[in-house]
Amino acid sequence: MKVLVTGACGFIGWKVSEMLLSKDYHVIGIDNLNSYYDVNLKKWRLQSLERFENFKFYRCDIENFNALEEIFQKEKPEGIINLAARAGVRYSTVNPFVYISTNVMGTLNLLELMRKYGINKIILASTS
C-alpha cells in the first residue's frame with residue numbers, strides 16, 4: 001500500500017513513516033521543513049528515512065493545493081496520514097491565522113484531493 005504522510009520530518013511523522021517503511025509500505029513523505037524548530041533535526045530525520053528504498057520525499061506545504069495535486073497525480077497514494085501542523089500552541093494565540101491556514105486549509109486541500117482522486121482512507125492527528 002502507498003501511504004502519503006504529511007509532516008514526515010516532525011517527530012511523530014518521522015516515527016510513523018519509519019514504522020510503515022519497516023513493514024514494507026510505500027511512503028510518500030511531505031514536509032515543508034519550516035524553521036519553527038531546528039531544521040537540522042528535521043533534515044537528520046529525513047536522511048534516516050531516505051535509507052529506505054520504499055520512501056519518496058517532497059518538500060511541500062499542504063497549503064499549496066497545486067503542488068499537492070501534482071504529487072497526488074504522480075504518486076497515486078491509497079491512504080493519507082495527515083500529521084502536518086503548525087507547532088506551538090502558545091504561538092497560535094499570537095498569530096492564529098497561520099494556524100488556520102495550515103491546519104484547516106491544508107487539511108481541506110487534502111480532503112478535496114482525496115475526493116477528486118477516489119481515496120477514502122485518512123488518519124488526521126495534526127491540529128496542534
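Keep in mind that what you see is a predicted model, and the values were worked out from it rather than measured. The analysis underlying the following values was restricted to heavy atoms, covering all of them including side chains, and did not include hydrogens, waters or symmetry mates.
No side-chain heavy atom of Glu70 sits less than 4.5 Å from a side-chain heavy atom of Tyr58. Proximity of Ile30 to Leu4: side-chain heavy atoms (C-beta onward) are separated by under 4.5 Å at one or more points. Contact of the Tyr25 side chain with the Phe52 side chain is not registered, since no non-hydrogen atoms from C-beta on lie closer than 4.5 Å. At least one side-chain heavy atom of Cys60 sits less than 4.5 Å from a side-chain heavy atom of Ile71. You'll find the side chain of Cys9 reaches within 4.5 Å of the side chain of Phe57, heavy atoms only. Contact check for Met114 versus Ile122: side-chain heavy atoms found under the 4.5 Å cut-off. Residues Phe65 and Leu113 form a side-chain contact, since some pair of their non-hydrogen atoms from C-beta on lies under 4.5 Å apart. Residues Ile28 and Val5 are not in side-chain contact: their nearest non-hydrogen atoms beyond the backbone lie 4.5 Å or more apart.
Taking all atoms of both residues into account, the shortest heavy-atom contact from Asn82 to Thr107 is ND2-OG1, 3.1 Å. The two residues Gly13 and Leu83 make their nearest non-hydrogen contact at CA-CD1, 3.5 Å. Scanning all heavy atoms of the two residues, the minimum distance from Leu49 to Ala8 falls at CD1-O, 3.7 Å. Here the closest non-hydrogen pair linking Ser48 and Trp14 is OG-NE1, 2.8 Å. Closest approach of Asn103 to Ala84, counting heavy atoms only: OD1-O, 4.5 Å.
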Task: Stepwise side chain to side chain contact (heavy atoms under 4.5 Å, CB included) test for Asn54 and Leu21 - done: CA-CA 7 Å; Asn54 46 333; Leu21 290 163; 3.6 Å; yes

- [ ] Evaluate the side chain to side chain contact (heavy atoms under 4.5 Å, CB included) criterion for residues Thr93 and Tyr99: first the C-alpha distance (whole Å), next the side-chain angles of each, then the deciding distance (0.1 Å), finally the verdict.
- [x] CA-CA 10 Å; Thr93 64; Tyr99 286 77; over 6 Å; no

- [ ] Apply side chain to side chain contact (heavy atoms under 4.5 Å, CB included) to the pair Ile123 and Ile80, showing each step before the final yes or no.
- [x] CA-CA 6 Å; Ile123 295 172; Ile80 312 293; over 6 Å; no

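Cluster membership check: Val104 does not share its hydrophobic cluster with Leu110, using side-chain heavy-atom separations under 4.5 Å among Ile, Leu, Val, Met, Phe, Trp and Tyr. Taking hydrophobic clusters as Ile, Leu, Val, Met, Phe, Trp and Tyr residues chained together by side-chain heavy-atom distances below 4.5 Å, Leu124 does not share a cluster with Leu111. By the rule that hydrophobic residues join a cluster once side-chain heavy atoms approach within less than 4.5 Å of another member, Ile62 and Leu46 end up as members of separate clusters. Hydrophobic cluster membership differs between Phe72 and Ile81, with clusters built from Ile, Leu, Val, Met, Phe, Trp and Tyr side chains linked at under 4.5 angstrom.
For the salt bridge (Lys or Arg N to Asp or Glu O under 4.0 Å) criterion with Glu18, the lone passing option out of Arg51, Lys23, Arg45 is Arg51.
Side-chain contact check for Thr6 and Asp31: no donor-acceptor pair (N or O, by modelled atom type) lies under 3.5 Å.
The backbone N or O of Asn34 sits less than 3.5 Å from a side-chain atom of Lys42, completing a donor-acceptor pair. Under the 3.5 Å distance criterion, the side-chain polar atoms of Asp61 are left unmatched by any main-chain donor or acceptor of Asn64. No donor-acceptor distance shorter than 3.5 angstrom exists from the side chain of Ser101 to the backbone of Phe97, with no hydrogens or angles considered.
For Glu78, the side-chain contact (heavy atoms from CB on, under 4.5 Å) partners are Met1, Lys2, not counting sequence neighbours.
For residues 112-122, the set of pairs meeting the side-chain hydrogen bond (donor to acceptor under 3.5 Å, both in side chains) definition, not counting sequence neighbours, comprises Glu69-Lys116, Glu69-Tyr117, Gln73-Tyr117, Glu112-Arg115.
Distance CG/Leu33 to CG/Leu41: 11.0 Å, rounded to 0.5 Å.
Under a cut-off of 6.0 angstrom, the local environment of CD1 in Ile12 is sparse, with at most 12 non-hydrogen atoms contributed by other residues, nucleotides or ligands.
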